[in-house]
Engineer: 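Just passing along the structure, written as structure tokens.
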Amino acid sequence: MSQGKHKKNASKEAKLKFFTQKPSQTALHVQATTRDGGGSSDEGSSSPETGEPTLNTALTKRHLQEAMEALSARLIQSWTSSVDTLRKDILDLGARTTRTETKMAEYATAHNELAEQVSHLQHTIETMEIKLMDAEDRSRRNNLRLRGIPEAVLQDDLPRYVRDLFNVIAPDIPSDMLLLDRVHRIPKPKHLPPSTPRDVLLRAHYFHVKEIILKSSRTTHLPTEFAGIRIFADLSQATLKKRKTFQQVTTTLRDHNIRYRWGYPTKLLVWRNGEFSPLTTPADGMKTLKAWGLQLSQAGRQPPLPVSTKVTQDWKKA
């Protein structure tokens, strides 16, 4: 009886197993995924029986696509905003650059106009200075400056002492032609030592007498009584300063034994190989000396004068 009961139970269990639904591969895969902490595996991305994508794989692809689309949209929006901002900044910089170039062009034009005016004024001033120097030197043309007369010779004795000196230098001048309008000492420069006697300034009544004395003094050997006395033409400070700018030219001429003399207004009159050449400016003189093939002396070399230059609008060529 127990055997029949056992057979009945076995038959019921077989029927239950037959009608009970077997778990699908998808459910088994989901359970395995849940047990592994929610990770996904490429090996379980498709059914081993059909080869079709599983439910989990389809969801992952869709979510990834949506995430990528959302990220792309955000990036495009961010880039668009950045490009718009950059475009606006570039346009602002372009406008500011245009305004700056316009202002620079105005300033350059104004500067160039001022440079032309300064150049014109410099030329005008130089012309006026030359005329003033000539007028002052003409007022001094009869004057002579004597250097080295001892202070022991008093003011009242100066006219007689100077006439005696001139009689030694140019004895052929008649006494009635040797007229002196005035003779007096002038203040001494502060840089000279106290023992140096003051210069004596005189005015000869006749210009040709003054020229004879000045020329003869360069070749006459003075006696002991008048030893150390030198005679110069009385020139304005402006003329002396102007002549100093010719120092490099005059030194070169003397080094090569070339004759010259000073002209009025200040210029050099040069004789070379029977030809006469006036040198009106130091630059003209150095140019002429180079053309003659002469080596310029370095003594008295003058620095170049500043020149007012114009501004070129180079930024418009870029």
Side-chain angles (χ1 to χ4, degrees), residues 129-251 253-254 259-269 282 299-300 302:
E129 286 179 345
I130 290 173
K131 290 183 177 181
L132 286 174
M133 284 190 299
D134 185 57
E136 184 175 358
D137 289 331
R138 286 183 182 277
S139 68
R140 297 169 178 247
R141 65 196 308 261
N142 284 29
N143 292 359
L144 285 174
R145 185 186 293 259
L146 283 67
R147 184 167 299 167
I149 297 179
E151 290 284 351
V153 181
L154 302 180
Q155 176 62 40
D156 294 339
D157 299 331
L158 275 177
R160 180 184 57 79
Y161 184 90
V162 170
R163 286 194 184 91
D164 293 342
L165 172 64
F166 288 167
N167 286 329
V168 173
I169 295 175
D172 296 335
I173 299 177
S175 58
D176 59 340
M177 299 294 293
L178 193 57
L179 300 178
L180 304 178
D181 294 341
R182 56 179 178 270
V183 183
H184 60 87
R185 292 188 184 270
I186 57 177
K188 181 173 57 178
K190 295 181 179 180
H191 66 276
L192 295 178
S195 59
T196 303
R198 293 172 294 169
D199 290 351
V200 173
L201 185 66
L202 64 88
R203 174 181 171 82
H205 188 74
Y206 297 106
F207 175 76
H208 72 280
V209 172
K210 170 252 181 182
E211 286 292 304
I212 293 174
I213 294 172
L214 184 61
K215 185 177 181 179
S216 300
S217 65
R218 297 168 184 165
T219 57
T220 303
H221 181 71
L222 298 177
T224 306
E225 181 184 0
F226 303 110
I229 297 177
R230 292 180 294 173
I231 302 177
F232 304 96
D234 182 36
L235 301 172
S236 64
Q237 290 296 324
T239 299
L240 295 175
K241 184 177 179 181
K242 186 75 173 177
R243 286 188 176 187
K244 191 175 181 180
T245 62
F246 285 84
Q247 184 176 356
Q248 187 177 14
V249 179
T250 55
T251 303
L253 293 174
R254 287 194 298 269
R259 294 175 54 204
Y260 71 89
R261 71 178 180 87
W262 292 103
Y264 295 94
T266 306
K267 58 186 174 183
L268 282 175
L269 307 177
Q302 299 291 326

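Note that the coordinates shown come from a computational prediction; the quantities given were computed from them, not determined experimentally. One-based numbering along the sequence shown.
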Engineer: If you round to the nearest 0.5 Å, how far is CD1 of Ile231 from CG of Leu222?
Structural biologist: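 Rounded to the nearest 0.5 Å, the CG-CD1 separation comes out at 7.0 Å.
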Engineer: More than 12 foreign heavy atoms under 6.0 Å from CD of Gln155: is that the case here?
Structural biologist: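 Atom CD in Gln155 is packed in, count exceeds 12.
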Engineer: Atom NZ of residue position Lys242 - does it have more than 12 heavy atoms of other residues, nucleotides or ligands inside 6.0 Å?
Structural biologist: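 No, not enclosed.
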Engineer: Any donor-acceptor pair under 3.5 Å linking the side chain of Ser217 with the backbone of Leu214?
Structural biologist: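 Side chain of Ser217 to backbone of Leu214, a donor-acceptor pair under 3.5 Å: yes, one is there.
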Engineer: Under the criterion side-chain contact (heavy atoms from CB on, under 4.5 Å), I'd like the reasoning laid out for Leu180 against Phe166: C-alpha separation, chi angles, the key distance, then a yes or no.
Structural biologist: CA-CA 11 Å; Leu180 304 178; Phe166 288 167; 4.1 Å; yes
Engineer: Before you tell me yes or no, could you show the steps for Leu268 and Leu253 under side-chain contact (heavy atoms from CB on, under 4.5 Å), namely the whole-Å CA-CA distance, both residues' side-chain angles and the distance that decides it to 0.1 Å?
Structural biologist: CA-CA 11 Å; Leu268 282 175; Leu253 293 174; 4.3 Å; yes
Engineer: Using 0.5 Å steps for rounding, measure from the OG1 atom of Thr220 to the NZ atom of Lys215.
Structural biologist: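 Separation between the atoms: 12.0 Å.
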Engineer: For Ile130, is there any backbone N or O sitting under 3.5 Å from a side-chain donor or acceptor partner on Asp134?
Structural biologist: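 No: the side chain of Asp134 does not pair with the backbone of Ile130.
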Engineer: Between Ile213 and Leu178, is the side-chain contact (heavy atoms from CB on, under 4.5 Å) condition met? List the steps.
Structural biologist: CA-CA 10 Å; Ile213 294 172; Leu178 193 57; 4.0 Å; yes
Engineer: Under the side chain to side chain donor-acceptor pair (under 3.5 Å) test, which residues partner Asn143, sequence neighbours left out?
Structural biologist: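 Result, side chain to side chain donor-acceptor pair (under 3.5 Å) vs Asn143: Asp234.
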Engineer: Does Ser236 have any side chain to side chain donor-acceptor pair (under 3.5 Å) partners at least two apart in sequence or in another chain, and if so, which?
Structural biologist: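 With neighbours one apart ignored, the set is Asp137, Thr239.
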Engineer: Testing the basics here: between Lys210 and Ala204, what is the closest heavy-atom pair and its distance to 0.1 Å?
Structural biologist: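 Shortest heavy-atom contact: CB-CB, 4.0 Å.
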Engineer: Taking NZ in Lys188 as the centre, count heavy atoms belonging to other residues, nucleotides or ligands within less than 6.0 Å. Is the count above 12?
Structural biologist: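 Above 12, so yes.
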Engineer: Rounded at 0.5 Å granularity, tell me how far CG in Asn142 sits from OH in Tyr206.
Structural biologist: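 If we round to the nearest 0.5 Å, Asn142:CG and Tyr206:OH are 11.0 Å apart.
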Engineer: Look up atom NE2 in His221 and atom CD1 in Ile169, then write down how far apart they are to the nearest 0.5 Å.
Structural biologist: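 His221 atom NE2 to Ile169 atom CD1 measures 12.5 Å (nearest 0.5 Å).
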Engineer: Has the side chain of Arg198 got a donor or acceptor atom that lies under 3.5 Å from a matching backbone atom of Arg185?
Structural biologist: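 No; judged by distance alone, with no hydrogens or angles, the pair does not exist.
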Engineer: Could you give me the CA-CA distance, side-chain angles and deciding distance for Leu269 and Trp262, then say whether side-chain contact (heavy atoms from CB on, under 4.5 Å) is met?
Structural biologist: CA-CA 6 Å; Leu269 307 177; Trp262 292 103; over 6 Å; no
Engineer: Any side-chain heavy-atom pair from Thr266 and Thr245 closer than 4.5 angstrom?
Structural biologist: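 In short, these two side chains do not touch, never coming nearer than 4.5 Å.
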Engineer: Rounded at 0.5 Å granularity, tell me how far CZ in Arg141 sits from CZ in Arg203.
Structural biologist: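 Separation between the atoms: 9.0 Å.
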Engineer: With sequence neighbours excluded, give me every salt bridge (Lys or Arg N to Asp or Glu O under 4.0 Å) pair touching residues 216-231.
Structural biologist: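 For residues 216-231, and leaving out neighbouring residues, there are no salt bridge (Lys or Arg N to Asp or Glu O under 4.0 Å) pairs at all.
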